[in-house]
Colleague: 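Submitted below is the structure of interest, expressed as structure tokens.
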There are 4 protein chains.
Amino acid sequence: MRDIDLSIVHFPSGPIEVEGAEPGDLLVVDFLDVGAFPHNPWGFNGFFSKQNDGGFLTDHFPLAQKSIWDIHGMFTSSHHVPGVNFAGLIHPGLIGCLLSKSQLDTWNTREGGLIATNPTRVPPLAAPPFADTAHMGRLKGDAKAATGARTVPPREHGGNCDIKDLSRGSLCFFVVYVPGAGLSMGDLHFSQGDGEITFCGAIEMPGWLHLKVSLIKDGMSKYGIKNPIFKPSPITPNYRDYLIFEGISVDEAGKQHYLDVHIAYRQACLNAIDYLKKFGYSGAQAYAILGIALVQGHISGDVDIPNAFATLWLSTEIFDFDIGPTAAGPTKFISSGMDVIIAPDK
Amino acid sequence: MRDIDLSIVHFPSGPIEVEGAEPGDLLVVDFLDVGAFPHNPWGFNGFFSKQNDGGFLTDHFPLAQKSIWDIHGMFTSSHHVPGVNFAGLIHPGLIGCLLSKSQLDTWNTREGGLIATNPTRVPPLAAPPFADTAHMGRLKGDAKAATGARTVPPREHGGNCDIKDLSRGSLCFFVVYVPGAGLSMGDLHFSQGDGEITFCGAIEMPGWLHLKVSLIKDGMSKYGIKNPIFKPSPITPNYRDYLIFEGISVDEAGKQHYLDVHIAYRQACLNAIDYLKKFGYSGAQAYAILGIALVQGHISGDVDIPNAFATLWLSTEIFDFDIGPTAAGPTKFISSGMDVIIAPDK
Amino acid sequence: MRDIDLSIVHFPSGPIEVEGAEPGDLLVVDFLDVGAFPHNPWGFNGFFSKQNDGGFLTDHFPLAQKSIWDIHGMFTSSHHVPGVNFAGLIHPGLIGCLLSKSQLDTWNTREGGLIATNPTRVPPLAAPPFADTAHMGRLKGDAKAATGARTVPPREHGGNCDIKDLSRGSLCFFVVYVPGAGLSMGDLHFSQGDGEITFCGAIEMPGWLHLKVSLIKDGMSKYGIKNPIFKPSPITPNYRDYLIFEGISVDEAGKQHYLDVHIAYRQACLNAIDYLKKFGYSGAQAYAILGIALVQGHISGDVDIPNAFATLWLSTEIFDFDIGPTAAGPTKFISSGMDVIIAPDK
Amino acid sequence: MRDIDLSIVHFPSGPIEVEGAEPGDLLVVDFLDVGAFPHNPWGFNGFFSKQNDGGFLTDHFPLAQKSIWDIHGMFTSSHHVPGVNFAGLIHPGLIGCLLSKSQLDTWNTREGGLIATNPTRVPPLAAPPFADTAHMGRLKGDAKAATGARTVPPREHGGNCDIKDLSRGSLCFFVVYVPGAGLSMGDLHFSQGDGEITFCGAIEMPGWLHLKVSLIKDGMSKYGIKNPIFKPSPITPNYRDYLIFEGISVDEAGKQHYLDVHIAYRQACLNAIDYLKKFGYSGAQAYAILGIALVQGHISGDVDIPNAFATLWLSTEIFDFDIGPTAAGPTKFISSGMDVIIAPDK
């Protein structure tokens, strides 16, 4: 049992060796507590520029934008996005055990195969190993760096899952590929919505984790496990009132797509943004809210051809005002002036 | 305010004219109560045969299969799927207002466009109007039947949304396209998981709805509404302990796909089925559980190339036994013998 | 498994014989569902006149008063108490098994002993057997009527417990005193606050129960059971925002009492009534709200001499308006005019 | 906004002056966060000896006893009470603003009046001012010490309320009696049940509070406030499965009392202890569990003469094993050997 300090944005801490862990075991990780550093009571949310690969709604928000969020104990609010104030659910975006050489080869082969279908695409279809910026630890030699997997995506071992509910009180079961397990984690978020849609995406911040580990010997086979599984915390924000937006897989141009959940969820997000703008928010402020505010994204229908169907659940309780709808229509609670900061492309 | 009786499986009741409703209004529908008929305390869940267009996991479960679910007050259980017993969340799978002629034309054009990209595909990419089985009410003439939209998919007006949370106590805001609104509803379900993945998919049953309607005049414009929005009930099953399964967009053959949530959710479902089989369930029993048991399907990550990332939340509280995982490994609580009934293809 | 129709206000249905039940067993009762009759969608709440023994706050509300509550599916509201609208939690106020002759003798002896300490008190300290109104069923003879226990109080077997949470989905374990158990129940309530403080006290209504029974043989001894135990429903109103009022055991005249929870809870109730009056409610309207609206009454401190300490939890979510408090002070949302109806003493 | 360190057991920190606070205002206190010190990850629960005034069940547990509770992040467990493990809800047992001279005189008069009814009683009916141990701060002179109110009970200003739900995320409204308010607090608890029945009573520990204060000017009059009010946290343990024990106001000797909630709650507690002993717990272990484990104590009926009726809600989710009841009867999960430590009277 120990505390682990995590730096900001994606850079992992670890790997931690777990005595007795062997390939095929499940590593049980208790998230006993997690927090922000008292001397650093703030974080930020960012949209990537479309020139820098963008985010989920990059065609609608092509510029880099950023908002700062103050942390007040377990709550957060922002001068850039007035009218919301809510309890966070702090979690590491990135966590998992070391992979084996054969697992690494599998990843590089399959992701390389995808890139090969359109190798000059901008942005690329996947992020291949990149020796120039690889952090090699005690390893020496370019050859290895050239094969190290990038930490961008989630994969079988967990990785950059960005699961908003993996918070204090959660219980996780990770797969062990190598002796000693080698648990690493990073990318701490104060709060995030399902999908981390603004890409840099949650409220990013440094902080600490307090973990306890144990093992289920041979647990992968015993339970038929390929990807990690977990249990949510017994202590979570108990929101009960949501406004739920729907989206179908017809894109912004009216084109019909076949059971495409990605497009359906994008429509649900755009519908929610249109709604929030009626209360005085800018589109970017609304987008930031969806990125960070414990929004739920549900795959509500995925069999009724041709439309996939997604719902976005937005808690009404995070707002300082009534977001209705009512017969009287919306009031513009938010006056223009404050906005998410833009960093123009050069 | 009135009670409406609903027949089983998809056939809608309605349309109901709402006095004063005009195009552009929002029709506010209060789900005051909803229930099964006392004389019909049962429902069924079915998988479609792959020859009959199948369901979400049709490659894994290609045959037609069916389980019967007994309704005990607000609870359900089945002789075909022992070991589970839970409170349902009764909802109409299909609900929405009449569409306008121009809306209908838009639908037929865009869905026809999709079909045209591969018109001989089996199953088809979408379901075009089909005069032979169209229910025309008081209308006469084949010409109209030939353009009537099929009720298979969800669309802007709502339709076959299969939203498991649209239950007693929910509050819905539907878009009005024609004078009088014309609210129809059907396809009552006793309980269903996100996605209705077994396709015929929930626990299908007849029953009744008790509704109250009111209007927000010019509500579509006031609130920037395109698709319906809704609020969940203040009375819902308050599950708090879940087992959460992950899936990434690498398919069963190991092929990498680009940010494909459909494939990621399929992997999460397959991972859950593999897990449940360790307790003695057949694959089909596990599939049926995921189809009906208030399972949540979350779009957890949709920006970290190349992997989309989905999570499936399975409540542990619906099971009569501990579904762990524990260091001792699983016990086979379910003995073989009972299973979901198979109807072989001819 | 069967449905049972219940008449209004306290008159019990039963007794039901349970095959195989023997003294010392626990009778397990599943509340599968419970409801109001569709043809009778209303109930009432009443205060007893002080001349008729009154209620919890009878010195403050000495007259008989009554409000009518309309039932809309699972919700209720009243023309006499505007501004509130909430989901009920229907429960039988009175339920339990037949008692044995020796149990009956114990009750009559101990309650007679209390009455003997002040036999002329008005109201009396307890309600002794009363042959004139005793309902004797098939029994004959005045002698027995003269010893039949009154159904006013809760006792070891359950009885008139008025537990607001004993609703659809609850699971109860009653003690069996005689062969066949003899389960009776009555006094159906649409909704009630802890303590049933207005005495006639909940929203009283007729309706039906759908029950399933089973037995734990010799359960009283196995589990050390004297009084019934129960488990709440998995489906209950999930209120999360409360306004919590405190009371200490100093009475309205400023007199200090020693660890008296009854007086402390009375002060908490009076504090809540004073608060609600600031929004325009009459005292009687506020009292009615506390009587019926799923209010929680907690024994928060009972050891710190000389003050017992009680808290009253009032959900803020039942109100149509914001009940604060805010820096701006309260707004009088409720205009005078409507009130709980008074029936003057003759 | 500031952090405040709190020492262990009852000794208050403060008073803190709030600029602008005047008599009649409400002091709004936001509990932004609260925690244990990382270097002190443990606390204790104690029963007082009956010779030292005892606790709620002192006739059943007359000796001083103590258990040590380890704090693991937001969870706690004890070697002295095996089989339970749960998330705490940290709160200050004691909090409130400075009182005025006239308020102090009122307290001393009314509590002196109670003591005068039986001045030689052991234990005393109330705790009068006691100059020998009074902490006078910068004040000089015995005269003042001789009139300082003891901090034992809760009173109108709040004080030693021991409200288990006054935790991180709560919002409190305290009454202001003197210019500058003078907010003090202390007696931090890691977790406690309603009533703090073991007297020393919760899991006592040192720790810190992070508060924000604001004012509602003239709030006492605006809202009709006499005692503090508060709102619970949006983040609390979301237990949903309880075992609920009942008690009526017939005492352990079978004597009938008139609407005495204190006695009814004592019976509910004793019933719960008898139940827990069937699983192998000692009576003292069961008593300790009820003292600390977020148990709810409800005033369920207080009008049906002659019996007051109390319920004790014990979460089943804090136990490592199934506490049933089931038809199979209880299993003794807890083996004797470990117990709460006894400190014999001299």
Side-chain angles (χ1 to χ4, degrees), chain A residues 55-56 110-111 113-114 125-127 152-155 160-163 173 194-197 199 216 219 222-224 226-232 242-246 248 250 254 256 258-259 261-262 265 271 274-275 277-278 297-307 309 325 327 329-330, chain B residues 55-56 110-111 113-114 125-127 152-155 160-163 173 194-196 199 201 216 219 222-224 226-232 242-246 248 250 254 256 258-259 261-262 265 271 274-275 277-278 297-307 309 325 327 329-330:
Chain A
F56 192 62
R110 77 183 182 207
E111 294 181 16
L114 177 67
L125 289 170
V152 175
R155 295 190 188 92
N160 193 22
C161 289
D162 296 315
I163 300 176
F173 305 83
D194 271 350
E196 201 194 13
I197 62 171
F199 195 60
I216 297 181
K222 277 179 183 163
Y223 285 102
K226 198 172 67 177
N227 299 55
I229 57 177
F230 71 99
K231 291 183 156 212
Y242 288 89
L243 205 48
I244 303 176
F245 297 89
E246 304 180 1
I248 57 175
V250 174
Q256 179 72 57
Y258 180 75
L259 296 183
V261 180
H262 184 104
Y265 190 46
N271 283 339
D274 281 346
Y275 186 92
K277 287 164 76 171
K278 297 290 181 179
H298 284 251
I299 302 157
S300 290
D302 206 7
V303 294
D304 293 317
I305 57 167
N307 274 321
F309 183 67
Chain B
F56 192 64
R110 77 183 182 207
E111 294 181 16
L114 177 67
L125 288 170
V152 175
R155 295 190 187 93
N160 193 23
C161 289
D162 295 316
I163 300 176
F173 305 84
D194 270 351
E196 203 194 10
F199 194 62
I216 297 181
K222 277 180 183 163
Y223 285 102
K226 198 172 67 178
N227 300 56
I229 58 177
F230 70 100
K231 291 182 154 213
Y242 288 89
L243 206 48
I244 302 175
F245 296 89
E246 305 179 0
I248 58 175
V250 173
Q256 179 72 57
Y258 179 75
L259 296 183
V261 180
H262 184 105
Y265 191 46
N271 284 339
D274 282 347
Y275 186 92
K277 287 164 77 172
K278 297 291 180 178
H298 284 250
I299 302 157
S300 290
D302 205 7
V303 294
D304 293 317
I305 58 169
N307 274 321
F309 183 68

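In what follows, chains are A, B, ... by sequence order, proteins preceding strands, each numbered from 1.
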Colleague: Which heavy-atom pair separates Asp302(A) from Phe56(B) by the least distance, and what is that distance?
Modeller: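 Looking at all heavy atoms of both residues, the shortest contact is OD2-CE1, 3.1 Å.
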Colleague: Given the options Gly55(B), Ala127(B), Pro154(B), Gly224(B), which has more heavy-atom pairs under 4.5 Å with chain A than any of the others?
Modeller: Pro154(B)
Colleague: If I measure from the heavy atoms of chain B, does Phe173(A) come under 4.5 Å with its side chain, its backbone, both, or neither?
Modeller: side chain
Colleague: Any side-chain heavy atom of Glu246(B) sitting closer than 4.5 Å to one from Cys161(A)?
Modeller: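 Answer yes - side chains close enough.
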Colleague: Given the options Gly301(A), Gly219(A), Pro228(A), which has more heavy-atom pairs under 4.5 Å with chain B than any of the others?
Modeller: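 Highest number of pairs under 4.5 Å: Pro228(A).
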Colleague: Which one of Asp274(B), Ile244(B), Ile305(B) has the most heavy-atom pairs closer than 4.5 Å to chain A?
Modeller: Ile244(B)
Colleague: Please determine, among Pro330(B), Ser300(B), Gly254(B), the option with the most heavy-atom pairs under 4.5 Å with chain A.
Modeller: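 Option with the greatest count: Pro330(B).
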Colleague: Which pair of non-hydrogen atoms, one from Arg110(A) and one from Ile248(B), has the smallest distance, and what is that distance?
Modeller: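 Nearest heavy atoms, Arg110(A) then Ile248(B): NH2-CD1, 3.8 Å.
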Colleague: Can you tell me how far apart CZ (Phe199(B)) and CG (Asp304(A)) are? Round to the nearest 0.5 Å.
Modeller: 5.0 Å
Colleague: Let me confirm one number: the CZ-CD1 distance from Phe309(A) to Ile163(B), rounded to the nearest 0.5 Å.
Modeller: 3.5 Å
Colleague: Any side-chain heavy atom of Pro325(A) within less than 4.5 Å of one from Ile229(B)?
Modeller: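 A side-chain contact exists here, since the closest heavy-atom pair is under 4.5 Å.
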Colleague: With rounding to the nearest 0.5 angstrom, report the CG to CZ distance, Asn307(A) to Arg155(B).
Modeller: 7.0 Å
Colleague: Who among Lys277(A), Glu196(A), Lys278(A) has the most heavy-atom pairs with chain B under 4.5 Å?
Modeller: Lys278(A)
Colleague: Quick check for you: to the nearest 0.5 Å, what is the distance between Ile299(B) atom CD1 and His298(A) atom NE2?
Modeller: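 Reported value, rounded in 0.5 Å steps: 9.0 Å.
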Colleague: Flag the one option from Ile216(B), Asp162(B), Asn160(B) with the top tally of heavy-atom pairs under 4.5 Å to chain A.
Modeller: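 The candidate making the most pairs under 4.5 Å is Ile216(B).
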Colleague: At a 4.5 Å cut-off on heavy atoms, which part of Leu114(A) comes close to chain B: side chain, backbone, both, or neither?
Modeller: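 Contact with chain B involves the side chain of Leu114(A) alone.
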Colleague: Could you tell me the separation between the CZ atom of Phe230(A) and the CZ atom of Phe245(B), rounded to the nearest 0.5 Å?
Modeller: 11.0 Å
Colleague: Only pairs of heavy atoms separated by less than 4.5 Å count here; which of Tyr275(B), Tyr223(B), Tyr258(B) has the most with chain A?
Modeller: Tyr223(B)
Colleague: Of all the heavy-atom pairs spanning Gln256(B) and Glu111(A), show the shortest one and how long it is.
Modeller: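 Nearest pair, atom of Gln256(B) first, then Glu111(A): OE1-CG, 3.5 Å.
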Colleague: Heavy atoms only: give me the nearest Asn271(B)-Lys226(A) pair and the separation to one decimal.
Modeller: OD1-CE, 3.7 Å
